[in-house]
Amino acid sequence: MELTPDIPEPVDASEIEWEGAASADERKEALYLEIDGWEGPLDLLLDLARRQKVDLRKISILELVDQYLTYIEQAEALRLELAADYLVMAAWLAYLKSALLLPKDEQEDPSPEELALRLQLRLQRLGAMREAAARLMGRDRLGRDVFLRGAPEGLRVDRKNLWQCEWFDLIRAYGDVKIRSEPVVHMVRERMVMTLDSAIQRVSSMLGVAIDWMDLRDFLPPAHDSWANPQLRKSALASSFVAALELARTGKAELAQEETFGPLRLKAVKP
Amino acid sequence: MNAPEQASAPDDLVRAVEATLFAAEQPMTVDQISAHLGQADVRPALAELQRHYERRGIHLVERGRRWHFQTAPDLAHLLRREKEELRRLSRAATEVLAIVAYHEPVSRAEIEAIRGVQTAKGTLDVLMEAGWVRVAGRREVPGRPVIYATTAEFLAHFGLASLKELPGIDELRAAGLLDPVDDDMIETAMGRSSQDEGEENTGEQDGGDTDEEGRDDSDGLASSCHNP
Amino acid sequence: MNAPEQASAPDDLVRAVEATLFAAEQPMTVDQISAHLGQADVRPALAELQRHYERRGIHLVERGRRWHFQTAPDLAHLLRREKEELRRLSRAATEVLAIVAYHEPVSRAEIEAIRGVQTAKGTLDVLMEAGWVRVAGRREVPGRPVIYATTAEFLAHFGLASLKELPGIDELRAAGLLDPVDDDMIETAMGRSSQDEGEENTGEQDGGDTDEEGRDDSDGLASSCHNP
């Protein structure tokens, strides 16, 4: 819309607080200037209806229609560019007016009276909300009229963890740590083994006096006294096995096994 | 004017409720107060405190099921001067707020039907930012539009125990002015063609808030209503 | 004990002072209150309010010539309420606790060396929050690491007279707590496979030195060499 310089700046709707119907009179003079003062045709209609200074339930719709159409004509005379919905409303109101003036028997449904009533109801509804808003804003408002305590101490609920741990869990955890982290060295120290060197020594010396094939197990020390320990026997067997492999590799012994997992036999290689 | 409860020292529970609400930074529900005080039944204490304070410079009030102390309204003139000014709401925002409060839960399309104009996205945002309006779900109709309602803060701010205390609400309801709007003829007359409604629904189906923005842009016709 | 000022509604100045101090964000001097209320003489009102509130849940107090409301001292515990939640110590925390108990005083680096994994700072914090571990000074070595030890609460919680009552390594072993889970499986496998072998096996199962078996993983390999 184009404003000529002598037209006052329209009031920015975001800056003003709605003042209810009180300002309607003041606006009367400048009616044709305040295109921006209304939020759409319904708003304008409501304002015009209020100018009738009667209860919204008793307004004259015909009079209202005339006022609206007059306003639109004025605006057009001033060559103000009207938004389309103002013009659509004007057309509809013109239709409503003519229908209201027509003989009754030619009416379609809904009747123009019904339409006029609905328009009136719409205006009442909007008017009611305008007034309700004004009354709401006028109440004793927190932070404006009534105040909360300025410096409340505040309530605090501190959550405190009550930690639980069972005796067994503690001990078990220590056991787990020990198992996980005890170095291998520790176990070697405690364990009885037959070293590879001693096994080689034992196997090769026994092999030297043997005549025929001997089962690997026969090279182990007799299973009594200190050699009764099954762990030690496993170690001796393993070491003797490796010793046998070593002797075979160096060409001092022959190995033979007739079937898978069968007895492993060995015999000295005569030079 | 001797109120009997003023004649003697309050009992321990009354004192505890008094101290708790006095120290609280937020209004508290009965359940919250009760939980704070070892599940005691605090209602009688609240009633006694409310009576005790009703003629004092501080009042104990219930707003949307939450209780708080506040200064007496009649002393507003003494206290107002030092307090910062509330941000003034635009006329559109106050109107939308009233419509939400009197019609809740209400969709944006319903708000617009009452006001006869499109509602700028920022208007509802301002009200939500103020903490007075919240999204209260979606209406189970085609398009599943978002619906809005007021909050406990709204009640507290405007000094309402509940929405039943909204000024004039009973009369408005009796006059049928709070009934749902269902008036296609006038909708059409106001330039909100059925085509617009269709777009609106599509927009709302997209969900979230983004649809609102899109609508403001796409409804060039409607926006130009008051901003030619 | 009917205080006379409680018998009737307070006068307007008393109410104004009450509301002013209630809404104030800072304690106020007599002059400030007075200036706020049109230079009224507020001292009698302050005295009356102080009397009125002295048996309530809120007190009006003067501190350094400034007046303010505060929660009654005997109700101060209401402002900070503790809510206890039972929580189970995590596996990592239990391990760290056990290490501290068996090795105290011990530094974090030592705990990590024993556990073989990095120990989050939070783990020790939890143990200190539980009240079971305390900082026991610093070790006089380069870097002066903090060292940790258990507390009397730790002993009390686990029903120990002293740390000497913690089971020794041998007892743990006897209780089967040093049997590695993985090796247990090998043990079972061996037991099953060597049943046909007889003597060796029986010896293993009956033997007092059960701890030895299966401790060395390599044994498994060795035995499978000759177990048909």
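Proximity to chain A (any heavy atom under 4.5 Å) is shown, for Ile99(B), by both the backbone and the side chain. For Ala93(B), no part lies under 4.5 angstrom from a heavy atom of chain A. Neither the backbone nor the side chain of His59(B) comes within contact range of chain A; no heavy atoms are under 4.5 Å apart. Residue Ile169(B): no heavy atom, backbone or side chain, is found under 4.5 Å from chain A. Looking at Thr20(B), both its backbone and its side chain come within 4.5 Å of chain A, counting heavy atoms on both sides. Heavy atoms closer than 4.5 Å to chain A are found in the side chain of Tyr102(B), but not in its backbone.
Counting only heavy atoms from C-beta outward, the side chains of Gln26(B) and Leu155(A) never approach each other to under 4.5 Å. Contact check for Phe158(B) versus Arg141(A): side-chain heavy atoms found under the 4.5 Å cut-off.
The line from CG of Leu121(A) to CG of Leu177(B) is 6.0 Å long, rounded to the nearest 0.5 Å. How far CG of Asp145(A) is from CG of Leu75(B): 11.5 Å, rounded to the nearest 0.5 Å. With rounding to the nearest 0.5 angstrom, the CG atom of Asp43(A) is 7.0 Å from the CD atom of Glu95(B). Atoms CZ and CZ, from Arg115(B) and Arg130(A) in turn, are 7.0 Å apart once rounded to the nearest 0.5 Å.
Scanning all heavy atoms of the two residues, the minimum distance from Pro152(A) to Glu25(B) falls at CG-CG, 3.6 Å. The minimum heavy-atom distance between Val146(A) and Pro73(B), with the atom names listed, is CG1-CA, 3.5 Å. Minimum interatomic distance between Arg149(A) and Ala23(B) (heavy atoms only, all atoms of both residues): NH1-CA, 3.9 Å. Nearest heavy atom pair, residue Leu136(A) against residue Leu160(B), reads CD1-CD1, 4.3 Å.
Among Glu153(A), Arg139(A), Gln124(A), the residue with the largest count of heavy-atom pairs under 4.5 Å with chain B is Arg139(A). In terms of heavy-atom pairs under 4.5 angstrom with chain A, the leader among Gly176(B), Pro167(B), Gly159(B) is Pro167(B).
Judged by distance alone, the side chain of His157(B) and the main-chain N or O of Leu142(A) form a donor-acceptor pair under 3.5 Å. Distance alone, capped at 3.5 Å, is enough to place a donor-acceptor pair between the Arg125(A) side chain and the Asp179(B) backbone.
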Query raised in the report: Can Met129(A) and Thr94(B) be said to form a side-chain contact (heavy atoms from CB on, under 4.5 Å), step by step?
Result: CA-CA 9 Å; Met129(A) 286 302 105; Thr94(B) 60; over 6 Å; no

